[in-house]
Amino acid sequence: MAAFRQGALKTFNPSLLQRFPRNAMGSWVVLQPEAAGSDEERVLSIYPAPLGSVTLYGEQGFVHTYAIADFNDAFHGHGRLAFRLAPGQAPLAPILLKLEPDNGVAAPERFAVQSMDEFLLADSTWLSFATACFAVMVTMALMALCFAIMLRDVTFAWYTGYMLCYVVVQGVQTGFLFHPLGLDWLVGSEVLVGASAVALSVSFASLFISRFCDVQRYAPALQVPVIALGFAMPLIVVLRCTGIDALVMMAQTLVNPVLILGALLLLVTALLTGVRGSRPAWFFLAGWTPLLVLTAMTSAQATGALPSLDWLNDASIGMGAFEAIVLSLGLADRALTMRRDRASVQVLADRDALTNILNRRAWTEAANRMLAETANTERPVALLFLDLDHFKMLNDLQGHAAGDRALVAVAQMMSDELRPTDVLGRYGGEEFVAMLHDVNQEQALQVATRLCRRVHRLEIPIVRDDLRLSVSIGLAMRSLGDTLDTMVERADQAMYYVKLHGRNQVHAYERRTEMYGAQRPKTNFTQDSP
């Protein structure tokens with residue numbers, strides 16, 4: 001159906017929903033009701049609400065000019081213009097309308113003459129639907145903003161910007177920002193605000209997809225075009241806001257081609273990154289592609305195509321809420337995936353690659369935490385310093401592979417013997433350390449003795465059957481003023497004493513004035529014969 005120039009007349013029958021394409025120059029429309037209906041009050045509604053004003057000419061000189069951005073009229077429609085027909089107007093009398101030109105995109109309109117009850121039911125239904133959809137979009141956006149602040153992840157911020165811009169776009173197009181929200185300060189700038197919101201939504205979408213779909217990793221060749229699109233759209237908005245005719249014309253000329261090319265670029269980028277392994281890309285496609293299809297269909301409808309699809313405008317609002325939910329789920333999935341990846345990396349960083357117990361750095365951090373947690377209590381803490389006996393001989397005679405197998409077997413045995421809350425780590429080479437809490441010296445000696453026995457029972461031969469791998473263990477109990485370094489030093493000294501006095505034993509360090517041998521403190525000694 002072709003658009004009509006201003007001054008032309010066209011008769012429509014509004015007893016059912018009819019569609020009328022309107023161009024930017026405005027149009028005259030004559031509506032001819034089909035049936036007289038009842039004597040109750042009637043309402044003429046125009047959906048979707050045009051941004052320009054509409055003038056109703058009735059019988060006996062009745063004239064009423066109204067726009068979606070009007071705040072003077074007490075009777076408002078939501079998402080549509082609504083005119084109360086003159087009470088004395090004949091039911092079958094034709095209705096003359098003049099649709100004033102506006103700066104928006106020419107779009108088809110539909111007209112309906114309804115009773116007041118029918119109109120109020122349709123109006124309240126649409127208002128409930130639109131309010132729920134906008135509430136979902138705003139809620140998802142604000143939640144993402146909170147996560148952006150808490151997680152310091154700008155991806156959530158780009159999503160927030162994109163979703164809020166889409167809310168503004170739909171709020172302007174449906175008049176929701178005016179009625180029921182009552183933002184009268186937007187009157188006169190709604191076209192500019194709507195166009196700017198469209199451009200910025202594409203900009204935020206570009207920056208969002210760049211990080212959300214990890215374009216730099218999965219499609220590095222498209223990284224620069226996507227980022228360029230993100231910066232090009234705000235530039236167009238700036239040009240349009242300058243008020244300089246040449247620049248405004250340039251912006252209006254560029255905006256539609258850039259929007260079309262940008263939409264295709266984002267679609268190709270999401271598809272490519274998804275195919276190459278980006279899981280979030282499929283969330284983006286699931287939420288954004290239906291909205292893109294609806295946008296294309298709405299644009300086609302503005303040219304006169306698809307005149308019978310009256311649900312497209314409402315579907316765009318509903319699809320916005322659907323997209324907000326899908327992308328929020330995608331962000332949650334991405335956050336969980338990143339958390340799992342970070343946990344895996346942390347495990348790899350904390351664990352010894354060979355024995356899979358804590359490495360020296362991670363053990364030191366865990367041991368210091370245990371000391372800090374028990375610092376103001378009387379809970380005893382013991383530290384065991386373990387060194388495998390004859391390990392160098394094992395490596396020299398049987399090779400490093402045999403030595404590695406021995407280390408793995410000893411580490412596994414100690415992990416099984418100690419409690420999950422004890423802190424076991426590989427200190428370096430064939431040395432291990434373990435920190436035990438809530439055990440006194442006697443109990444710690446029993447644990448260490450059991451470890452000696454278990455290592456010997458692994459029966460790992462060194463060179464002959466009567467020489468098997470064993471372990472020497474030094475024990476230090478925490479005392480007043482101790483740090484981790486001082487405890488390790490005393491346990492190491494106690495272990496060194498064992499090395500000098502037969503190996504395969506446990507030695508507990510005690511502070512005494514007597515000295516022995518090479519200036520080593522004399523300590524109590526507990527021996528276990530395997």
Side-chain angles (χ1 to χ4, degrees), residues 352 354-355 357 360 363 382-418 422-436 439 441-477 486-512 514-530:
D352 177 66
L354 177 63
T355 61
I357 61 176
R360 180 168 178 170
W363 179 86
L383 190 146
L384 304 180
F385 198 101
L386 307 91
D387 188 275
L388 297 181
D389 300 325
H390 310 296
F391 185 77
K392 185 177 184 303
M393 187 183 299
L394 173 65
N395 268 337
D396 292 343
L397 296 177
Q398 299 189 41
H400 290 284
D404 288 347
R405 289 193 295 270
L407 290 173
V408 171
V410 171
Q412 182 62 51
M413 178 276 298
M414 289 191 291
S415 297
D416 295 339
E417 284 293 320
L418 296 177
D422 295 330
V423 182
L424 172 66
R426 184 181 179 189
Y427 204 70
E430 67 274 20
E431 297 174 338
F432 297 87
V433 281
M435 181 168 281
L436 289 59
V439 292
Q441 180 167 306
E442 182 180 353
Q443 294 169 331
L445 284 171
Q446 291 175 356
V447 172
T449 300
R450 188 170 68 248
L451 293 178
C452 276
R453 185 180 297 135
R454 287 295 309 274
V455 170
H456 200 268
R457 286 178 179 175
L458 290 175
E459 298 185 350
I460 300 174
I462 301 298
V463 62
R464 54 187 184 275
D465 292 340
D466 59 345
L467 183 58
R468 290 178 292 181
L469 188 70
S470 60
V471 64
S472 298
I473 303 178
L475 167 64
M477 299 298 297
T486 59
M487 290 186 69
V488 170
E489 182 181 0
R490 296 205 314 274
D492 182 41
Q493 290 179 4
M495 182 275 299
Y496 184 75
Y497 182 90
V498 175
K499 289 289 187 180
L500 294 178
H501 294 79
R503 297 185 174 88
N504 193 26
Q505 299 172 9
V506 180
H507 193 83
Y509 183 98
E510 288 186 356
R511 298 180 186 273
R512 291 193 176 180
E514 301 93 30
M515 306 296 288
Y516 75 91
Q519 299 298 312
R520 296 284 179 173
K522 186 177 180 181
T523 62
N524 290 339
F525 171 73
T526 301
Q527 181 176 3
D528 173 67
S529 299

**Request:** Please test Val447 against Val439 for side chain to side chain contact (heavy atoms under 4.5 Å, CB included), starting from the C-alpha separation and ending with a verdict.
**Result:** CA-CA 9 Å; Val447 172; Val439 292; 5.5 Å; no
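- Under a 3.5 Å cut-off, the side chain of Arg490 and the backbone N or O of Gly474 do not form any donor-acceptor pair.
- Under the 4.5 Å side-chain criterion, counting only non-hydrogen atoms from C-beta, Val471 is not in contact with Phe432.
- Remark: Met495 CE to Gln505 CD distance equals 13.0 Å, nearest 0.5 Å.
- Listed here is the closest heavy atom pair of Phe391 and Ala406: CE1-CB, 4.4 Å.
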**Request:** Check the pair Leu458, Arg454 against side chain to side chain contact (heavy atoms under 4.5 Å, CB included), reporting the backbone distance first and the verdict last.
**Result:** CA-CA 6 Å; Leu458 290 175; Arg454 287 295 309 274; 5.5 Å; no
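- No donor-acceptor pair closer than 3.5 Å links the side chain of Trp363 to the backbone N or O of Arg426.
- Among Leu467, Leu388, Ile462, the one residue that satisfies the side chain to side chain contact (heavy atoms under 4.5 Å, CB included) test with Leu394 is Ile462.
- Residues satisfying the salt bridge (Lys or Arg N to Asp or Glu O under 4.0 Å) criterion with Asp404, sequence neighbours excluded, are absent altogether.
- Just one residue in the list Leu424, Leu384, Thr355, Asp422 forms a side chain to side chain contact (heavy atoms under 4.5 Å, CB included) with Met414, and that residue is Leu424.
- A distance of 10.0 Å separates CD1 of Ile460 from CZ of Arg405, quoted to the nearest 0.5 Å.
- In terms of modelled atom types and a separation under 3.5 Å, the side chain of Gln398 and the main chain of Pro461 share a donor-acceptor contact.
- Among all heavy-atom pairs drawn from Leu445 and Ala508, the shortest one is CD2-CB, 3.9 Å.
- Pairs engaging residues 407-416 under the side-chain hydrogen bond (donor to acceptor under 3.5 Å, both in side chains) rule: Gln412-Asp416 [sequence neighbours left out].
- The distance from atom CE of Met413 to atom CG of Leu418, rounded to the nearest 0.5 Å, is 8.5 Å.
- By the 4.5 Å heavy-atom criterion applied to side chains, Val498 and Ile473 are not counted as neighbours.
- Here Lys499 pairs with Asp387, Asp389 under the side-chain hydrogen bond (donor to acceptor under 3.5 Å, both in side chains) rule; sequence neighbours left out.
- Atom OG of Ser472 is separated from atom NE2 of His390 by 8.0 Å, given to the nearest 0.5 angstrom.
- In this structure, Asn395 CG and His400 NE2 are separated by 5.0 Å, a value rounded to the nearest 0.5 Å.
- Between the CG atom in Leu469 and the CZ atom in Arg457 there is a gap of 15.5 Å [rounded to 0.5 Å].
- Minimum heavy-atom separation, Leu383 to Met435: CD1-CE, 3.7 Å.
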